[in-house]
Participant: 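The structure under discussion is supplied below as structure tokens; questions concerning it will follow.
All chains are named by letter (A, B, ...) in the order of the sequence lines, taking the proteins before the strands, and each is independently numbered beginning at 1.
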Amino acid sequence: MVIYDNKQWFNTLVNFSRSYVIQQLFRSTLMVGIVTAIFCVLVIDVFQFEIRFQSSLFSLLGIVLSILLVFRTNTAYDRWWEGRRLWGGLVNNSRDLALMMHSMLDRGNMEDRNYFAKHIANFAVALKEHLRNGVKLEELYHLDEREIVMYKQRQHIPNQIIASLYERTQHLCRSEAITGFDSIPIRTHLQAFTDILGACERIKRTPIPFSYSIYIKIFIMLYALILPFGLIEEFGYFTIFLEMLLFYAFIGIELMAEEIEDPFGLDCNDLPTGTIATTIKNNVYEILCLYKEVEKEKVRELYEKVF
Amino acid sequence: MVIYDNKQWFNTLVNFSRSYVIQQLFRSTLMVGIVTAIFCVLVIDVFQFEIRFQSSLFSLLGIVLSILLVFRTNTAYDRWWEGRRLWGGLVNNSRDLALMMHSMLDRGNMEDRNYFAKHIANFAVALKEHLRNGVKLEELYHLDEREIVMYKQRQHIPNQIIASLYERTQHLCRSEAITGFDSIPIRTHLQAFTDILGACERIKRTPIPFSYSIYIKIFIMLYALILPFGLIEEFGYFTIFLEMLLFYAFIGIELMAEEIEDPFGLDCNDLPTGTIATTIKNNVYEILCLYKEVEKEKVRELYEKVF
Amino acid sequence: MVIYDNKQWFNTLVNFSRSYVIQQLFRSTLMVGIVTAIFCVLVIDVFQFEIRFQSSLFSLLGIVLSILLVFRTNTAYDRWWEGRRLWGGLVNNSRDLALMMHSMLDRGNMEDRNYFAKHIANFAVALKEHLRNGVKLEELYHLDEREIVMYKQRQHIPNQIIASLYERTQHLCRSEAITGFDSIPIRTHLQAFTDILGACERIKRTPIPFSYSIYIKIFIMLYALILPFGLIEEFGYFTIFLEMLLFYAFIGIELMAEEIEDPFGLDCNDLPTGTIATTIKNNVYEILCLYKEVEKEKVRELYEKVF
Amino acid sequence: MVIYDNKQWFNTLVNFSRSYVIQQLFRSTLMVGIVTAIFCVLVIDVFQFEIRFQSSLFSLLGIVLSILLVFRTNTAYDRWWEGRRLWGGLVNNSRDLALMMHSMLDRGNMEDRNYFAKHIANFAVALKEHLRNGVKLEELYHLDEREIVMYKQRQHIPNQIIASLYERTQHLCRSEAITGFDSIPIRTHLQAFTDILGACERIKRTPIPFSYSIYIKIFIMLYALILPFGLIEEFGYFTIFLEMLLFYAFIGIELMAEEIEDPFGLDCNDLPTGTIATTIKNNVYEILCLYKEVEKEKVRELYEKVF
Amino acid sequence: MVIYDNKQWFNTLVNFSRSYVIQQLFRSTLMVGIVTAIFCVLVIDVFQFEIRFQSSLFSLLGIVLSILLVFRTNTAYDRWWEGRRLWGGLVNNSRDLALMMHSMLDRGNMEDRNYFAKHIANFAVALKEHLRNGVKLEELYHLDEREIVMYKQRQHIPNQIIASLYERTQHLCRSEAITGFDSIPIRTHLQAFTDILGACERIKRTPIPFSYSIYIKIFIMLYALILPFGLIEEFGYFTIFLEMLLFYAFIGIELMAEEIEDPFGLDCNDLPTGTIATTIKNNVYEILCLYKEVEKEKVRELYEKVF
């Protein structure tokens, strides 16, 4: 994610190149401009064709296309925002679980405190990696030998971390360190971890249906192809500029939608899941009174990229 | 579902034929093109009619139609996405139930572990088939004689599997293997199974109201029929291409909406419920430490179809 | 509800007359066509007026109207779909309550099993009738003398059925047939019955605000009235066809929205609440092992109407 | 709220004057018509200006405006419908709380039955008044001296009623008339009362942001002002009618949105919170077997106003 | 937030200057008007260029842009409204927690009553400041020495306040002042505090993706730039007015969206979180019978700004 201040128009526009997708958009718009320019030269100066189409039907097609693209944008944005909600929910759950454990465990019970803090923090880190390229064990905090061996054998590490939390909770319950009433909200939180995990996997693995993706791509291509025929009679060389502007409008929406559709990667607008995971770690250790582990928050500058 | 990478425009477009609905769309668009071509030849060359309509009103009709089709698309997509959410919820519930049973049951209690793993995995398989052509008993895992007899007598097998899980839970509760507090979240999960089952049945059995379906089909037909009259004066033979493009736009949205409206079948964009059911089985057996039953995940190639 | 297969275009179009609203739509469109024809004859042949309006402003009005009608359709469809969700929720709740009672009650406890099966099934039937013309006692299953007397005295029968279920649950709880922990999910389900009941009443009793209803009706009327003035100059006798097509578009959306706004009646697109109630009865009796009462499911043909 | 039957077009249109906002809409549309008429006379007959604008750009502005107004309508309608859901939720909660108390309290325990019935009924009445002009104590049912004194001292009476319900529940719990398990769903309902109260206050106190309100009002004004310049060349005196129709379209949406934005008042389309409160009272007393207090439901005629 | 009455058109329009964003909108629209005026003078009078473009394609671009801006507005408004819901939820939770504590704690137990009242009230104040510029300790109510020291050491003060509430609850639970059943709803409320806190942070820290922000800004700029070319031939000097109107329409939507996107600041349309925090304090102290601390509510005038 690029950090920015939406009220600073000038700075935002100047820093446009921070967004890969905007760069790519400019490049492809430029290319379309060049092709259209050649087309115009050929039609107007070289062959002097006469094409007498009015642009009204091209308007209709443009409107149909833009209505479709808004549907496309809405679904992509909903995924992105749902992803953000899920990671927000992860923060809330992690914090609340830590708060609850803090109130239930004795101040001196460093072992259990460390156990919960470590596993909650590791869940966030593991989830982040699980949604990118698979979990790298060296990124997890404070793993001991036994855990490394165990995690290596398993296909699904985030599941395994939740399992460890469930087992410890059950253990505390059996040893009467916590009561049955205490176990209710703890289990609710562990269940929320599973739900968040599953929902993130769902978003990652299910893009918009294949047919829609092809359908829209073909539509944009064809439209960009025929539009100059509709413009050239009326606008002459100005066609180049208008074609670029319309191409910018349509392809831009599609490209941005593609970028945010899977919000857990390393694209420019993707969610800063790494930063959120660090925040969770700091919060959880602070809440459980394990101050040594709490790092200072980094100060971020405007237009910095965070992932 | 067809697996694809939405950023590879070229590959996606080349593999268009993987989607039946896009194939069908191309076929019907071609047919409309041929008919329009005949119409054009007749009007322009053979009879030399003069039709002097402007296309502005046809634009209005096109816009009205496209607004309607977006409504159509939204409702169909909502079903598809709700179906996906439900199956995602099934994954979450299955995993979480397994995680909880794992923490509650003794490591050595292989009987109960196997019982729960088998029934959770079977529920997903049975649901998948129940939403297609009815449950085939040979697809379920590890059925014994008694179960086969029982399932054959029942009208509704997924219900029966949930009933078995409820009974076993009650049995564990009565024998004090688990406490009353433990039973709360287990029952919540079993209830979620019923809810997911019912919601999937709802989506499958309730398409968009009949009147809307007819209304839209008639509208598209009439529009495709009158459009050439509005185009021919201005565009001549170019009419063929424009008619095809508009027909492509409108019929495409309707066809895709019809395809994803019931997302549990074997259409090209339908949800990979079979694959999800296998994932559930593997996850559940892994969580409950029954490693023998866990199969390796298949590696999927791009543009492969999974169901 | 009319059962249909949305992929069979031909059959669907041939069976259009199964939908009353489509019939009505055709009749009123035809009437408008006749009136417009008379208007055209008068203007073009009899009086030979010259009306030189362009249709662009009429397009604007048409677009404004269609945007409004999509708002109308969305709200009506949301009610219809919410109604469907509620009845789907009723199925889930009834099944799950039956599943839970089945696991909690002894196999031999036929009295309580019958009591719950009967009351759950009767709640669905009573709700269906309550949302139509008021509950007819003869439609309820297995009422005894005492119950008939009691129900006759009450204003609100579905409430009374829930009250009976609550009382029996409390009775089981006091007699320690079920534990306090068991009572939690049972009460959740009974509460869900109340919620579904109330939500259905809400949908039935609160149509779209009166002002919107009038506003849209007036708008459509005025628009249909002035449109021929905008078309006649350009399209001549073709005006009749275009007027009919636009009238079909606008009035169709309004009529269908009116039909599905209250989804619990006996209109053609209304929900098959009767069929759902029968399904609930069969499911509940099967789950509670009262096989004698389970009826065979009827096989439905395409384009049959179910209510 | 005006009661009406949405399928009786003729009766609905004849009774348009029941809606104040439609009356007001007609008055202001008429005024605009008169002003436009004067403008037309001046331009066409008196000064004979020549204004040669085409209406296409005015169409663009109209479309932009109508898209905005749909946003406006959606947000206003969402508030109205959320208000209706909240009051529907109040009905459900009140009923369900009564049903639960009925099953928990002895048949002969008239004191507690009366206490709960009275306070549940009073909460609905107090909420209704709280959302209008502040609670009038004389509208509440069966207040005794002590309660009148107490309520007079408090700023927030609905809060106070919930507090009384909480206290009585706690008292029953301590005296072991109800168990801890019983207290769980009761508290859930009391919490729902607080949530409904707070959500209604939120809707009432937070209209659409001030800037949007001004922005839209200015836009409509300016548009109505310039439109005649765009129409007069093409349509002559017919401009008057078209201006009125467009003004009707745009101002109508805004006026109706303003009316339903705060749905708890006494505007024509506002929710019948008074009637709902009476229904709650009757239901609750019937459920708790206090038949003397149950009033007969009034029969409502079509086009009657209920508040 | 500016308080206003949406039915007083005249007063609302007269007080437009209360909204900074409307002021800014007027300023920038005026500037665009001046630039366009210069352009018109140059083209029409000085150089007498002939630009023969029709405005239809510019309409298409305008429609595409306005559809995009509605997407923009919807997402921004959803954040604003979600923010409002969250603070509404905070009110409900605070009240309900107070109501519950009131019923559970003895009338004479002033210490615990004060403890809960103070911490609930402080949570709202701390959250308000946390979402603006960081918590200022002097704004919190009744902090003692020990608390000031503790809060100064922590990075995240709202978390710390919730931790204190959890600890006190656990303490009451251990000392059997409240039962395990009592602890269930209390913990639910404390969890809701964490959820609200996290959700507000999410809204504040995640604006619309950077690419969308740039994309829209560039689109509006380019559109405003080319529009005069499309208007000047047809409208002459009237171009100035139309350019201003369209610029007003497009830039207005964008500016207002930017303003309400982060609803917790001190912009004119931002939520009155300070006022809500005060309301919470008064309500909570009143409910817990600590009347001395309850302040009189301020009477607000129309068009006053509250934050």
Side-chain angles (χ1 to χ4, degrees), chain A residues 1-2 4 6-7 9 12-13 16 18-19 21-22 25 54-56 58-59 62-63 66-67 70 73-74 77 80-81 84-85 88-89 91-92 95-96 99-100 102-104 179-181 184-185 231 234-235 238 241-242 245-246 248-249 252-253 256 259-260 268-269 282-283 286-287 294 297, chain E residues 52-54 56-57 59-61 63-65 67-68 70-71 74-75 78 153-156 159-160 162-163 166-167 169-171 173 179-181 183-184 187-188 190-191 194-195 197-199 201-202 206-215 217-219 221-223 226 229 258-259 261-262:
Chain A
M1 202 178 74
V2 178
Y4 72 102
N6 69 10
K7 289 186 185 159
W9 280 57
T12 299
L13 289 175
F16 74 88
R18 304 263 169 171
S19 166
V21 82
I22 295 286
L25 177 54
Q54 284 191 316
S55 56
S56 82
F58 297 89
S59 291
I63 292 172
S66 70
I67 292 175
V70 163
T73 300
N74 276 329
Y77 180 81
W80 183 82
W81 190 237
R84 186 61 189 85
R85 295 180 81 96
V91 174
N92 301 351
R95 278 182 190 164
D96 203 54
L99 284 164
M100 223 170 321
H102 169 63
S103 76
M104 290 170 188
T179 68
F181 287 107
I184 296 175
L231 300 176
E234 194 182 324
F235 295 100
F238 203 65
F241 187 72
L242 282 175
L245 191 52
L246 273 163
Y248 167 83
I253 304 180
M256 290 188 299
E259 195 189 23
I260 65 172
C268 226
N269 289 316
N282 284 333
N283 279 203
E286 183 176 285
I287 288 167
V294 183
E297 249 182 78
Chain E
R52 294 200 182 164
F53 297 159
Q54 284 192 317
S56 83
L57 201 92
S59 291
L60 166 60
L61 278 167
I63 292 171
V64 174
L65 185 49
I67 291 175
L68 271 172
V70 163
F71 162 70
N74 276 330
T75 57
D78 282 354
Q153 289 167 350
R154 299 297 163 90
Q155 287 185 7
H156 200 299
N159 264 353
Q160 188 52 44
I162 303 176
Y166 263 120
E167 283 179 285
T169 305
Q170 191 70 14
H171 177 79
C173 222
T179 67
F181 287 107
S183 75
I184 296 175
R187 276 179 183 151
T188 309
L190 296 182
Q191 184 183 339
T194 322
D195 286 344
L197 164 63
E201 287 181 358
R202 165 169 55 80
T206 319
I208 198 171
F210 186 56
S211 310
Y212 281 96
S213 182
I214 297 181
Y215 173 87
K217 285 181 169 73
I218 293 177
F219 201 153
M221 292 310 215
L222 289 178
Y223 189 68
I226 66 159
F229 293 89
E258 281 171 13
E259 195 189 23
E261 199 176 28
D262 168 14

Participant: What part of E:F219 lies closer than 4.5 angstrom to a heavy atom of chain A: side chain, backbone, both or neither?
Facilitator: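 For E:F219, backbone and side chain are both near chain A.
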Participant: Where does A:T179 contact chain E at under 4.5 Å (heavy atoms): side chain, backbone, both or neither?
Facilitator: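 Contact with chain E is absent: no heavy atom of A:T179 under 4.5 Å.
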Participant: Applying ring pair (Phe, Tyr, Trp, His ring centres under 6.0 Å), can you list everything that pairs with E:Y166, at least two apart in sequence or on another chain?
Facilitator: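 By the ring pair (Phe, Tyr, Trp, His ring centres under 6.0 Å) rule, E:Y166 matches no residue at all.
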Participant: Where do A:N92 and E:G198 come nearest, in terms of heavy atoms and distance?
Facilitator: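 What the structure gives for the nearest pair is OD1-CA, 3.0 Å.
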Participant: Is there a side-chain contact between A:W81 and E:D78, using heavy atoms and a 4.5 Å cut-off?
Facilitator: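 Counting from C-beta outward, A:W81 and E:D78 never come under 4.5 Å.
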Participant: Count the heavy-atom pairs under 4.5 Å between each of E:M221, E:E259, E:R202, E:E261 and chain A, then report the option with the highest count.
Facilitator: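 If we count pairs closer than 4.5 Å to chain A, E:R202 comes out on top.
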Participant: As a quick check of understanding, evaluate side chain to side chain contact (heavy atoms under 4.5 Å, CB included) for E:I214 and A:Y4, giving each step before the final call.
Facilitator: CA-CA 10 Å; E:I214 297 181; A:Y4 72 102; over 6 Å; no
Participant: E:A199 versus chain A, heavy atoms under 4.5 Å apart: side chain, backbone, both or neither?
Facilitator: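 For E:A199, the backbone is the part near chain A, not the side chain.
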Participant: Roughly how far, to the nearest 0.5 Å, is CG of E:D262 from CG of A:N6?
Facilitator: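 Between A:N6 CG and E:D262 CG, I get 8.0 Å after rounding to 0.5 Å.
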Participant: If you take all heavy atoms of E:Q170 and A:S103, which pair is closest and at what distance?
Facilitator: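 Taking every non-hydrogen atom into account, CG-O, 3.0 Å.
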Participant: Sort out for me which of E:A163, E:C173, E:S183, E:P207 touches chain A most, counting heavy-atom pairs under 4.5 Å.
Facilitator: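 Going by pairs under 4.5 Å, I would pick E:P207.
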Participant: For E:R187, is it the side chain, the backbone, both, or neither that has a heavy atom closer than 4.5 Å to a heavy atom of chain A?
Facilitator: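 Only the side chain of E:R187 comes within 4.5 Å of chain A.
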Participant: Does a side-chain N-to-carboxylate-O contact under 4.0 Å join A:R84 and E:E201?
Facilitator: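 Salt bridge between A:R84 and E:E201, a charged N being under 4.0 Å from a carboxylate O: no.
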Participant: Roughly how far, to the nearest 0.5 Å, is the CD atom of E:Q191 from the CG atom of A:L99?
Facilitator: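 Reported value, rounded in 0.5 Å steps: 10.5 Å.
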Participant: OH/A:Y77 to CG/E:N74 distance, rounded to the nearest 0.5 angstrom?
Facilitator: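 Taking OH in A:Y77 and CG in E:N74, the distance rounds to 10.0 Å.
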Participant: Is the side chain of E:Y215 donor-acceptor paired with the backbone N or O of A:A249 at a distance under 3.5 Å, no angle test?
Facilitator: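 Checked: pair present.
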Participant: Where does A:Y248 contact chain E at under 4.5 Å (heavy atoms): side chain, backbone, both or neither?
Facilitator: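 Both the backbone and the side chain of A:Y248 come within 4.5 Å of chain E.
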Participant: How far does CZ of A:F16 sit from OG of E:S213, to the nearest 0.5 angstrom?
Facilitator: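 It is 14.0 Å, given to the nearest 0.5 Å.
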Participant: Under 4.5 Å, counting heavy-atom pairs only, tell me which of E:T188, E:T169, E:L68, E:N159 racks up the most with chain A.
Facilitator: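 Looking at each of E:T188, E:T169, E:L68, E:N159 in turn, E:N159 comes out on top.
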Participant: Mind checking the CD-CD spacing from A:E286 to E:Q153? Nearest 0.5 Å is all I need.
Facilitator: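 Spacing of CD (A:E286) from CD (E:Q153) equals 10.0 Å.
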Participant: Select, from E:I63, E:I162, E:L197, E:T75, the one with the greatest count of heavy-atom pairs under 4.5 Å involving chain A.
Facilitator: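 Highest number of heavy-atom pairs under 4.5 Å: E:T75.
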Participant: I'd like to know which of E:V70, E:T206, E:V64 tops the heavy-atom pair count under 4.5 Å against chain A.
Facilitator: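 Ranked by contacts with chain A, first place is E:T206.
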Participant: Hey, which of A:I253, A:I184, A:N283 has the most heavy atom pairs under 4.5 Å with chain E?
Facilitator: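 Of the options given, most contacts go to A:I253.
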Participant: Atom CG in E:L61, atom CG in A:L246: separation rounded to 0.5 Å?
Facilitator: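 That separation rounds to 4.5 Å.
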Participant: If you measure only the distance, is there a donor-acceptor pair under 3.5 Å linking the side chains of E:Q155 and A:N282?
Facilitator: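 No, A:N282 and E:Q155 have no side-chain donor paired with an acceptor closer than 3.5 Å.
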Participant: Does any backbone or side-chain atom of A:M1 lie under 4.5 Å from a heavy atom of chain E? Answer side chain, backbone, both or neither.
Facilitator: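 The side chain, not the backbone.
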Participant: Can you tell which part of A:L242 gets under 4.5 Å to a heavy atom of chain E, answering side chain, backbone, both or neither?
Facilitator: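 For A:L242, side-chain heavy atoms alone lie under 4.5 Å from chain E.
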Participant: Where on E:L65 is there a heavy atom nearer than 4.5 Å to chain A: the side chain, the backbone, both, or neither?
Facilitator: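 Answer is neither: E:L65 stays 4.5 Å or more from chain A.
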Participant: How far apart are the closest heavy atoms of A:N269 and E:F210, and which atoms are they?
Facilitator: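 Smallest heavy-atom distance, with atoms named: OD1-N, 3.4 Å.
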Participant: Return the minimal non-hydrogen interatomic distance between A:S59 and E:L60, and the atom names on each side.
Facilitator: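 For A:S59 versus E:L60, the nearest heavy atoms are O-CD1, 3.6 Å.
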Participant: Could you work out, with ring pair (Phe, Tyr, Trp, His ring centres under 6.0 Å) as the rule, every residue matching A:F181, not counting sequence neighbours?
Facilitator: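 Counting only residues at least two positions away or on another chain, A:F181 forms a ring pair (Phe, Tyr, Trp, His ring centres under 6.0 Å) with B:F181, E:F181.
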Participant: Pick one of side chain, backbone, both or neither for A:I287, based on which atoms fall under 4.5 Å of a heavy atom in chain E.
Facilitator: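 Just the side chain, heavy atoms under 4.5 Å.
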